[in-house]
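Written out below as structure tokens is the structure these notes cover.
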There are 4 protein chains.
Amino acid sequence: MASVNKVILVGNLGKDPEVRHLEGGVAVARFPIATSETFKDKNGEKQERTEWHNIVVWRGLAEVAEKYLKKGQSVYIEGKIRTNNYQDKEGIQRYSTEIVADNMTMLGGRTDAGANNSNPETAGSSSGGRAEAPAFEGEPDDLPF
Amino acid sequence: MASVNKVILVGNLGKDPEVRHLEGGVAVARFPIATSETFKDKNGEKQERTEWHNIVVWRGLAEVAEKYLKKGQSVYIEGKIRTNNYQDKEGIQRYSTEIVADNMTMLGGRTDAGANNSNPETAGSSSGGRAEAPAFEGEPDDLPF
Amino acid sequence: MASVNKVILVGNLGKDPEVRHLEGGVAVARFPIATSETFKDKNGEKQERTEWHNIVVWRGLAEVAEKYLKKGQSVYIEGKIRTNNYQDKEGIQRYSTEIVADNMTMLGGRTDAGANNSNPETAGSSSGGRAEAPAFEGEPDDLPF
Amino acid sequence: MASVNKVILVGNLGKDPEVRHLEGGVAVARFPIATSETFKDKNGEKQERTEWHNIVVWRGLAEVAEKYLKKGQSVYIEGKIRTNNYQDKEGIQRYSTEIVADNMTMLGGRTDAGANNSNPETAGSSSGGRAEAPAFEGEPDDLPF
DNA sequence: TTTT
DNA sequence: TTTT
């Protein structure tokens, strides 16, 4: 069946990423990012609405997140929507929506944000200019085109 | 502030749209669409996972949805993620995520789906080829370029 | 450096794909797709403008294109813009823009289009529901999430 | 006909925008932005390829571009691909591809880039936080949702 | 919980 | 012609 589930976000991390290393060495990182929009309400007053997105990244991207992303940073995120359901402690069905990212690019963000890395400015470029794990690329780049 | 919240979906309606006409004549339509992906599990068995997205459209697009969309149809949706929170009857904070669409294009879908319109094939094109309200276009098209 | 180059298209093939198999077994396919928009001109007359996009796909996607895509078909394309420059026979610098696709999904299109495959309806789903080579996925799907 | 023509770019301006004000007061701005990708060549050497995109913005966005964008700046661009054809002076048919943007967000870019505005940091927020003309929004924000 |  |  023909379907597409694609999300593109540019926003700021609300917290440092939380990283777990699973058995087998697979890493997973989670962090919230905020997007905001301003609008005028009925009285013409400017209002702001902030949306929070729970981002999940796996493997190489999780390691990139662990090393280079920090609260306040601005990131470009590309991924898909996933809604998990679970039973809460009262046994009631609950839903939780997250964005599983498969592409991620650091955009800088708050200039004093600082990163876990001592030199945040070069952090991205040391991994190839783009803050993403080459293994996650949709297309290998070493072929003749 | 620099932020982007963009969703692109291609999926099939799980139900006919539910349309409400608010006081003031504003229409709002809601419908679920499914996206699916297949993957291989640890045993190499092919598995399918279906994701359900709650779509909300306003005004002109709601009227387009009411007229032309029906269960089974395939649609292209462009919009943003919005998470609403509310208190459930036990007074516990709950979250509900929906996609507020600002662009929508019918793609046909199940050929026997039928539409509320008697001639689904021409439904889209009768409204200008693209199933969307011109008023929602990001760019007027009647200017010299 | 932080950059993103992403294109999303839904359109119809203007011709059957042309496929070449390079030394080493790598396949590359090319085909044009059309997108259209309608607008009102200064006189309020409805006009249509068609845009042609030159699509290039490599490896697994090229084989999918060869097998399943045909003139008239509707496809979803995700990729990046690439402008090649070359000297024409008079030695003048020329530019040619194409879309290098890394994701592709058949959407059906002209119902009488027919495909190279005897059963176009199941062509997509037989390759996992989504007309793309698993090797091109941004994310392996056989891991625990 | 169901079609989509959408481009998403994050890149840096190669030059200051060139702005023209047409008869009737309509503004149009043009500027090039660069996107880069790195890849390993056959010898495992890291290579970089830069892609140049010609951006065109109209009306309110053109005025935003004029005021706030400058060479070196990083921007998020959303728009569509347009290929114009024309006859060159030898009467040969030539093609020129550009991106007609309908959404644009300043992302900062080179910190010493400076803007035409004396306080580039507040430039974006003075226009509502997001560097775009509200008139170009796909959805009015002053309604009850 | 971010950013402007 | 940008940026890292």
Side-chain angles (χ1 to χ4, degrees), chain A residues 9-18 30-38 46-55 68-77 105-114 119-132, chain B residues 1-5 83 85, chain C residues 1-5 83 85, chain D residues 9-18 30-38 46-55 68-77 105-114 119-132:
Chain A
L9 302 171
V10 173
N12 298 279
L13 278 81
K15 296 183 187 172
D16 291 355
E18 291 180 3
R30 294 174 181 274
F31 54 89
I33 74 169
T35 57
S36 303
E37 57 180 334
T38 53
K46 191 177 287 180
Q47 300 289 347
E48 183 174 11
R49 180 181 162 115
T50 296
E51 199 66 40
W52 285 98
H53 311 269
N54 296 311
I55 310 300
Y68 302 120
L69 294 186
K70 204 160 178 61
K71 180 177 171 175
Q73 279 266 7
S74 175
V75 282
Y76 169 90
I77 291 283
T105 297
M106 296 171 19
L107 298 174
R110 229 179 52 210
T111 49
D112 62 326
N119 187 346
E121 292 307 327
T122 58
S125 43
S126 74
S127 78
R130 196 161 172 196
E132 71 193 348
Chain B
M1 201 266 309
S3 72
V4 172
N5 175 358
T83 298
N85 56 62
Chain C
M1 200 267 307
S3 73
V4 172
N5 174 357
T83 298
N85 56 61
Chain D
L9 302 171
V10 174
N12 297 278
L13 277 82
K15 294 183 187 173
D16 291 354
E18 290 180 3
R30 294 175 181 276
F31 54 89
I33 73 169
T35 57
S36 303
E37 58 180 333
T38 52
K46 190 177 289 182
Q47 301 288 346
E48 182 173 12
R49 180 182 162 113
T50 295
E51 199 66 38
W52 286 98
H53 311 270
N54 296 312
I55 311 297
Y68 303 121
L69 294 186
K70 205 162 177 58
K71 180 177 170 175
Q73 278 268 6
S74 175
V75 281
Y76 170 91
I77 292 283
T105 298
M106 298 171 17
L107 298 174
R110 229 181 52 212
T111 50
D112 64 326
N119 188 347
E121 293 305 328
T122 59
S125 41
S126 75
S127 78
R130 195 161 172 196
E132 71 193 346

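Throughout, a chain's letter reflects where its sequence line sits, starting with A, and its residues are numbered from 1. Both backbone and side-chain heavy atoms feed into the values below; hydrogens, waters and symmetry mates do not.
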Is there a side-chain contact between D/Glu48 and D/Lys46 in this structure, where contact means two heavy atoms from C-beta onward sitting under 4.5 Å apart?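 Sidechains of D/Lys46 and D/Glu48: no contact.
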
How many Å lie between [atom1] on [X] and [atom2] on [N], as a whole number?
| X | N | atom1 | atom2 | value |
| --- | --- | --- | --- | --- |
| D/Leu107 | E/dT4 | CG | P | 12 Å |
| C/Asn5 | F/dT4 | CG | C1' | 17 Å |
| D/Met106 | F/dT2 | CE | P | 19 Å |
| D/Gln73 | F/dT4 | CD | P | 12 Å |
| A/Glu37 | E/dT4 | CD | C1' | 14 Å |
| A/Tyr76 | E/dT2 | OH | P | 25 Å |
| D/Phe31 | F/dT1 | CZ | P | 19 Å |
| A/Asn54 | E/dT2 | CG | C1' | 13 Å |

Taking side chain to side chain contact (heavy atoms under 4.5 Å, CB included) as the definition, give me every residue that meets it alongside A/Gln47, ordered by chain and number, with sequence neighbours left out.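 If we apply the side chain to side chain contact (heavy atoms under 4.5 Å, CB included) test to A/Gln47, skipping adjacent residues, the hits are A/Phe39, A/Asp41, A/Glu45.
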
With respect to the side chain of D/Ala34, which nucleotide from E/dT2, F/dT1, F/dT2 is positioned closest?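 For D/Ala34, the side-chain atoms sit closest to F/dT2.
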
Classify the side chain of A/Thr35 and the base of E/dT2 as holding, or not holding, a donor-acceptor pair under 3.5 Å.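 Result: no qualifying N/O pair found.
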
Side chain B/Ser3 and base E/dT4 donor-acceptor under 3.5 Å: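 When only heavy-atom distances are counted, B/Ser3 does not reach the base of E/dT4 through any donor-acceptor pair under 3.5 Å.
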
Among D/Ile77, D/Val10, D/Asn12, find the one that has a side-chain contact (heavy atoms from CB on, under 4.5 Å) with D/Ile33.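 Looking at D/Ile77, D/Val10, D/Asn12, the match for D/Ile33 under the side-chain contact (heavy atoms from CB on, under 4.5 Å) is D/Ile77.
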
D/Asp16/D/Lys70 salt bridge by N-O under 4.0 Å criterion: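 Between D/Asp16 and D/Lys70 there is a salt bridge, with a charged N closer than 4.0 Å to a carboxylate O.
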
Does A/Trp52 stack onto the base of E/dT2, taking stacking as ring centres under 5.5 Å apart and planes under 30° apart?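 A stacking contact does not exist, since A/Trp52 is not both close and nearly parallel to the base ring of E/dT2.
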
